[in-house]
Amino acid sequence: MNTTLPQRHRTLLWVVFALSSIGLVVDCIDGYLPKILMSVGITLGLGALLIRQRSSAPAWRYLGMAGILLALGAMVYRLATYLSA
């Protein structure tokens, strides 16, 4: 199975990764922990996806899935606290 992406998609992934990294810095300055965890999860997932393009090790796929699940858990927590208020 061919897992390489076209150059245009790789460039787009790098741009999204850079923007999520900037968002992570801004969220760290803000200091709200669920928001930070969500940003960490998204950045971790995107970073693992980018590294997996260069390496075929399955550990990167699992790290990416863990990051996305962390972001999803933080999003559910934020939604639950918003709806309960």
Side-chain angles (χ1 to χ4, degrees):
M1 180 165 80
N2 189 5
T3 61
T4 60
L5 292 173
Q7 180 62 35
R8 164 179 98 213
H9 290 126
R10 279 182 280 182
T11 304
L12 181 64
L13 276 175
W14 278 109
V15 168
V16 171
F17 179 73
L19 289 174
S20 70
S21 298
I22 292 169
L24 176 62
V25 170
V26 170
D27 287 343
C28 285
I29 292 170
D30 182 32
Y32 184 56
L33 185 62
K35 194 192 264 188
I36 292 170
L37 289 176
M38 197 165 154
S39 295
V40 166
I42 291 170
T43 305
L44 184 67
L46 286 171
L49 178 65
L50 286 168
I51 292 173
R52 188 174 179 269
Q53 292 300 315
R54 303 220 183 257
S55 168
S56 62
W60 293 112
R61 181 175 56 188
Y62 297 131
L63 184 64
M65 285 190 293
I68 297 300
L69 286 175
L70 175 68
L72 184 63
M75 183 181 70
V76 167
Y77 173 77
R78 289 183 69 194
L79 181 65
T81 56
Y82 174 76
L83 292 177
S84 68

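Closest non-hydrogen pair, Ala48 versus Trp60, comes out as CB-O, 3.3 Å. Taking every heavy atom of both residues into account, Ser20 and Ile42 meet most closely at CB-CG2, 4.2 Å.
In this view, Ser21 satisfies the side-chain hydrogen bond (donor to acceptor under 3.5 Å, both in side chains) rule with no residue, not counting sequence neighbours.
Note on residues 64-73: no pairs pass salt bridge (Lys or Arg N to Asp or Glu O under 4.0 Å), not counting sequence neighbours. Sequence neighbours left out, not one pair with a member in residues 53-75 passes salt bridge (Lys or Arg N to Asp or Glu O under 4.0 Å). Screening residues 23-42 for side chain to side chain donor-acceptor pair (under 3.5 Å), with sequence neighbours left out, gives Asp27-Ser39, Asp30-Lys35.
Note that CE of Met38 and OG1 of Thr43 are 11.0 Å apart. Values are rounded to the nearest 0.5 Å.
If you chain together hydrophobic residues whose side chains sit under 4.5 Å apart, Leu24 and Leu44 never meet in one group.
Alongside Ile29, the hydrophobic cluster contains Val25 (criterion: ILVMFWY side chains under 4.5 Å). The other members of the hydrophobic cluster of Val15, by chain and number, are Leu19 (side-chain heavy atoms under 4.5 Å, ILVMFWY only).
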Using atom types as modelled, flag every donor-acceptor pair under 3.5 Å from a side chain in residues 72-85 to any protein atom, sequence neighbours excluded.
{"residue": "Thr81", "atom": "OG1", "partner": "Tyr77", "partner atom": "O", "Å": "3.2"}
{"residue": "Thr81", "atom": "OG1", "partner": "Arg78", "partner atom": "O", "Å": "3.0"}
{"residue": "Ser84", "atom": "OG", "partner": "Ala80", "partner atom": "O", "Å": "3.3"}
{"residue": "Ser84", "atom": "OG", "partner": "Thr81", "partner atom": "O", "Å": "3.2"}

Give every donor-acceptor pair under 3.5 Å between a side-chain atom in residues 62-70 and any protein atom, sequence neighbours left out.
none

